[in-house]
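By convention in this document, chain letters (A, B, ...) are assigned in the order of the sequence lines, proteins followed by strands, and residues within each chain are numbered from 1.
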Amino acid sequence: MDTVFGMDAIVFWIIATMAMVNVTGALLGTFLVLRRMSLLGDAISHAVLPGLALAFILTNTREPFPMLLGALVAGLLTVLLTHLIHRYANVPEDAAMGVVFTSLFALGVVMITRVASHVDLDPGCVLYGVLESAALDTRNIAGMEVPRVAVTLSAVFLATVVFVVLFWKELKIVSFDPQLATTLGINADRVHYLLMGLVAAFTVAAFEAVGSILVVAMLIAPAATAFLLTDRLHWMTLIAAATGILIAILGRNIAAVYDAPVAGMASVVAGGLFMLAVLFAPRYGIVARRLAQVRLGLRISGEDLLGLAYRWQESGARASLTASGALEAAGGGVVSRVALWLLRRAGLLVKSGDSVRLTASGEERASRLVHRHRLWEAYLAKHLPLPDDHLHSPADRMEHFMDSDLQRQVEEQVPEPHGPSGAPR
Amino acid sequence: MSGPAPWLAVLALATLQAVLFALVGADRLLGWVQAACASAGLPYNTVMVLAGSGLLGICSAVIGSYAVLRRRSLFGDAVAHAALPGIALAYLIARERHFFSLLMGALISGVLGAMVITWLRQSTRTRQDAAIGLVLSVFFGLGIVLTSAVQRDPSGAHAGLEGFLLGKTAGLISQDLLLIAVTSANILLLVWLFQKEFLLLSFDPGFAAVQRWPVPALDILMMTLLVAATVIGLPAVGVVLMAAMLIIPGVAARFWTDRLAALLPLSGVIGLGSAIAGTYVSSIREGMPTGPVIVLAAAAVCLFSMFAAPRRGIAAGVLRRLRMQERVARQNLLRSLYELVEEAPDSAVTAEDVAGKRSWGVADALKLLRRAEARGEVRRTTDGRWTLTDLGLQRALDVVRAHRLWELYLVEQASIAADHVDRDADELEHILPPEMLHQLEDRLKQKGRWPEDRVPASVHPLEGVAGEGR
Amino acid sequence: MTATQEKALAQGAVAVDAPPLEIHDMTVAYQRRPVLWDIDLQLPEGRLIAIIGPNGAGKSTLIKAALGLVPRASGRVEVYGRPIEKQLSLIGYVPQRESVDWDFPVSVLDVVMMGRYGRLGWFRRPGREDREAAMDCLRKVALQDFAGRQISQLSGGQQQRVFLARALAQEARLYFMDEPFAGVDAATEQAILAILQELRSHGRTVVVVHHSLQTVREYFDHVVLLNMRVVAHGPIEEVFTEENLRNTYGGRLPLLEQAADAVQRRSV
């Protein structure tokens with residue numbers, strides 16, 4: 001059996017081909033997702049069908065070049081028609097897109113059906129793709145058996161990389177602010193149509209291997225995943241590309257285990273990776289946000305306990321503060337219990353019998369907190385006409401969020417607050 | 001507006017039907033239809049197919065129109081793709097092609113897909129377009145994986161699942177068609193019941209909320225109806241083209257009417273017509289899939305509407321623009337002639353004079369002058385120069401008056417210009433309605449900025465001049 | 001007093017001495033960033049009340065949060081002494097003109113009729129008396145001749161008047177209007193003002209988000225100066241002073257912005 005880099009040649013080419021599909025899709029998709037045009041990929045990938053059919057009917061071959069050309073024309077036509085209908089017939093953009101691509105796809109199916117009796121151009125393969133058999137259809141290049149699809153794909157892949165590198169600055173500006181781009185003398189339209197042309201070329205080169213649905217998945221999923229992980233464009237591009245490669249490897253191997261179609265499995269894997277990002281992304285992930293909320297709740301509760309103990313001691317109350325009383329005053333529940341435990345572990349509070357008391361370091365920490373609280377209270381009293389029965393909530397809240405910079409600025413604006421702000425609460 | 005009343009009504013409706021259905025049974029019901037067809041001399045199978053696909057066409061067009069108006073056109077596309085894994089899974093569980101379970105599977109995974117889109121948009125950083133595309137491709141990918149498992153199923157009988165991709169009404173039996181027809185009818189009934197509520201929800205959800213309508217619940221209801229319409233459409237039209245059934249009729253109907261109450265039935269008619277046309281063509285042409293033909297029929301109607309519709313159509317727009325250009329050129333000519341004779345008390349001018357005044361080419365000026373001559377607004381003097389006729393003078397005066405009034409008003413109080421009519425400011429003076437001119441005049445007169453004698457003053461010398469030319 | 005309002009009174013929906021609107025301790029945050037801090041307001045009955053403040057001060061947000069259209073982080077809102085959620089039938093609302101799609105296929109009369117939907121309840125279609133009531137409201141804004149027009153064929157000022165007519169059709173006691181004077185011509189502005197004054201003469205309370213300082217004194221009785229917090233509120237002659245205006249517009253509290261930043265940053 002042939003091997004490439006010690007791997008089964010067919011396996012290698014399946015993974016390599018798909019990796020090229022995914023990385024190209026990720027690069028182009030980054031800009032589609034950022035510009036909220038993800039669905040143009042969907043539209044184009046369906047609408048290329050009549051272009052393919054026409055190219056086939058005219059040339060009567062399945063040579064890649066005429067097919068590519070036909071599809072490219074149909075793809076760009078989709079973009080253009082969507083734009084024209086939106087602009088001149090006053091149809092909402094998403095509806096215009098829906099009308100155009102479904103009509104073109106229907107036209108393509110009918111055209112193929114009319115000549116289908118003697119062709120193996122199957123509309124179903126447009127949807128699924130048949131990577132497994134496409135990997136067998138090889139050409140001999142420089143002494144190596146290379147699948148035909150891999151040849152066309154690598155051309156599109158290279159073109160995309162060159163495009164992204166050459167037009168990096170323009171793409172960046174156009175993605176964030178097309179109007180600004182125009183005022184800076186960048187031709188937003190030209191960059192737009194170049195991008196659309198590449199998306200069309202990519203769709204055509206890729207869909208034979210992986211089908212139009214995986215094309216859509218690869219244009220959106222890696223970029224959307226990367227969008228959850230970073231705010232920087234260059235990182236987003238790189239992460240999207242890496243995600244694309246990961247999808248190729250995992251997709252092929254999992255498909256092999258379950259004997260499932262590679263393309264379908266790859267889009268499931270893409271969805272899975274996206275969900276992982278949704279859950280575990282460091283900043284925008286759901287788990288991270290939940291954890292941050294819990295941590296914030298614990299911190300606020302702990303700081304409330306410290307402040308309470310401090311005020312208690314400050315007021316010179318004879319009786320000692322009971323743990324249960326403190327917990328109740330700090331909101332009660334599991335959160336304040338855990339917060340109390342954390343404070344004791346950090347050596348800020350000690351519990352003797354049922355009463356709690358600040359340690360020396362706890363007292364220092366608490367005094368800073370209470371100081372911040374009173375500062376903010378004084379600031380608000382100066383600037384907000386709040387009635388007497390007011391609940392003190394903003395001051396209560398703000399002390400937990402104030403950093404040293406903000407504190408310094410507040411200090412400049414209000415006279416140093418002295419003494420207790422009121423009875424112990 | 002809170003409380004369970006509407007939901008109880010919907011539940012009662014469903015229960016009533018279930019009871020009736022249980023009492024009568026599908027077979028007896030179909031028997032009646034068959035007997036009715038026989039006595040009317042109609043082909044039973046054709047009637048069933050047409051009734052099923054026709055009702056389906058109406059219902060997807062109607063519920064889809066709301067989606068188009070709410071800028072959610074491609075939502076239906078995602079839902080249709082998201083239904084595939086449900087179909088495959090239902091098949092894997094039922095181990096046979098049981099139509100009702102397949103559709104239930106489709107409904108469940110379609111609703112799930114719709115919910116995921118909403119959830120991604122609301123609780124993560126993902127935007128709507130990416131959420132739609134993700135659900136579409138990932139669910140469909142899962143569908144492909146599951147379908148391949150179905151096809152490996154040794155028990156065989158997996159024929160029919162491919163039909164869900166591009167649609168095939170020929171594969172449907174009477175019981176299937178009955179289910180499609182009944183579901184469509186129910187969706188239409190609910191849309192009719194909630195007409196007022198859906199209108200408010202689509203036009204101004206914020207206002208609806210202030211009026212205590214349960215906006216989220218209504219939204220979910222509308223979404224569920226959309227998914228249901230999509231699901232029953234899948235066997236006939238297929239996953240890929242279902243979106244077209246939802247979008248195209250509404251878009252086409254919008255060209256012809258400005259009223260939702262007319263748009264919904266009209267889109268229904270377009271949906272019905274295309275569904276019947278598609279079903280018919282695919283039944284007489286061997287191997288022609290139903291879905292694409294239906295979509296092409298609808299697309300043809302849409303294309304026609306887009307060009308030919310009386311007010312919103314492209315042809316009407318082009319015509320309007322041409323007429324406007326013509327009007328502007330005519331008025332500019334009249335004004336130039338008037339101003340020329342006003343400046344120099346020389347009654348007749350050459351085409352070169354006119355061209356110089358407006359930065360037109362001499363040939364263009366000549367063409368305009370000849371057209372004005374045909375209308376009797378100007379005439380040629382014996383030495384080949386041009387002069388205004390009485391009619392032309394009268395019209396020129398109106399134009400000049402409007403122009404100067406407008407100029408003065410813009411200077412006086414520009415705030416009216418920006419928002420009063422949203423058209424090019426240059427074009428405004430050419431389309432000012434007479435009432436507004438009078439208003440302007442009155443207001444300017446009140447402020448003493450439009451002397452009572454201003455227009456007559458500029459008229460008299462001209463008439464004198466014109467008199468000499470005769 | 002209309003029948004609904006008498007009914008409301010009879011049912012105890014309207015406490016006799018309670019103010020039409022009382023906002024207590026309301027804080028509103030967008031994505032955890034506070035945009036309104038501790039709003040405390042009590043507005044008097046039968047007045048025209050302007051909410052003014054610079055761009056980004058949270059004027060529209062105040063109205064929307066009071067109505068429950070955007071979530072409140074804390075605080076409560078009462079209308080005639082009961083939570084606003086239970087009193088929505090007493091409220092009329094004019095949203096910002098840009099909040100809807102004016103190409104939507106409905107006629108002017110259809111939109112005004114929406115004001116009657118609240119009292120119609122589920123499934124009932126508007127009948128003849130609803131049409132007549134809606135036409136009356138259209139007449140009040142001098143748009144009766146436009147009843148059958150599609151809404152996109154109206155000018156900005158006319159669209160604003162349609163929204164006003166729809167709110168009139170709600171026959172409310174307390175009106176919230178979000179920038180009703182924005183982008184309208186002088187004639188429409190006078191027409192809208194006349195309607196507000198008529199509402200006041202019938203004892204209605206109207207809360208208006210307003211953007212033009214020049215006309216505040218002329219149009220309104222009562223003013224709320226807002227910039228992320230209430231700077232001052234009360235009768236025009238007491239509150240609409242140069243110092244208060246400076247505090248609202250010039251003397252922004254940059255620290256509130258920074259504090260909002262800090263809250264957003266540290267609470268993720």
For chain B, which of [options] has the most heavy-atom pairs under 4.5 Å?
options                               : answer
A:Leu40, A:Leu32, A:Val91             : A:Val91
A:Ala266, A:Ala217, A:Ala96, A:Ala281 : A:Ala217
A:Ser103, A:Ala106, A:Gly98, A:Ala43  : A:Ala106
A:Glu93, A:Met218, A:Met265           : A:Met265
A:Val33, A:Val100, A:Ile85            : A:Ile85
A:Ile286, A:Val215, A:Leu107          : A:Leu107

(Q) If the condition is salt bridge (Lys or Arg N to Asp or Glu O under 4.0 Å), which residues does B:Arg72 pass it with, not counting sequence neighbours? (A)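 Counting only residues at least two positions away or on another chain, B:Arg72 forms a salt bridge (Lys or Arg N to Asp or Glu O under 4.0 Å) with B:Asp219.
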What part of [X] gets within 4.5 angstrom of chain A, counting heavy atoms only: side chain, backbone, both, or neither?
X        : value
B:Phe307 : neither
B:Arg127 : side chain
B:Leu120 : side chain
B:Val145 : both

Heavy-atom proximity to chain B below 4.5 Å, by part of [X]:
X        : value
A:Ala224 : side chain
A:Asp94  : both
A:Tyr258 : backbone
A:Met97  : side chain
A:Tyr284 : side chain

Q. B:Ser137 and A:Ser267: side-chain donor and acceptor closer than 3.5 Å?
A.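 Side chains of B:Ser137 and A:Ser267: no pair found under 3.5 Å.
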Q. Do A:Thr30 and A:Thr237 have a side chain donor and acceptor closer than 3.5 Å?
A.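 The answer is no; no qualifying pair exists.
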Q | Neighbourhood of chain B inside residues 268-275 of chain A, taking heavy atoms under 4.5 Å as contact | A |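 Those residues of residues 268-275 of chain A which have a heavy atom under 4.5 Å from chain B are A:Val268, A:Gly271, A:Phe274, A:Met275.
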Q) Do A:Met18 and A:Val262 come close enough that some side-chain heavy atom pair is under 4.5 Å? A)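 Of all side-chain heavy-atom pairs linking A:Val262 with A:Met18, at least one is under 4.5 Å.
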Q.
Is it the case that over 12 heavy atoms from other parts of the model lie below 6.0 angstrom from the CZ atom of B:Arg311?
A.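 More than 12 heavy atoms, drawn from other residues, nucleotides or ligands, come within 6.0 Å of this atom.
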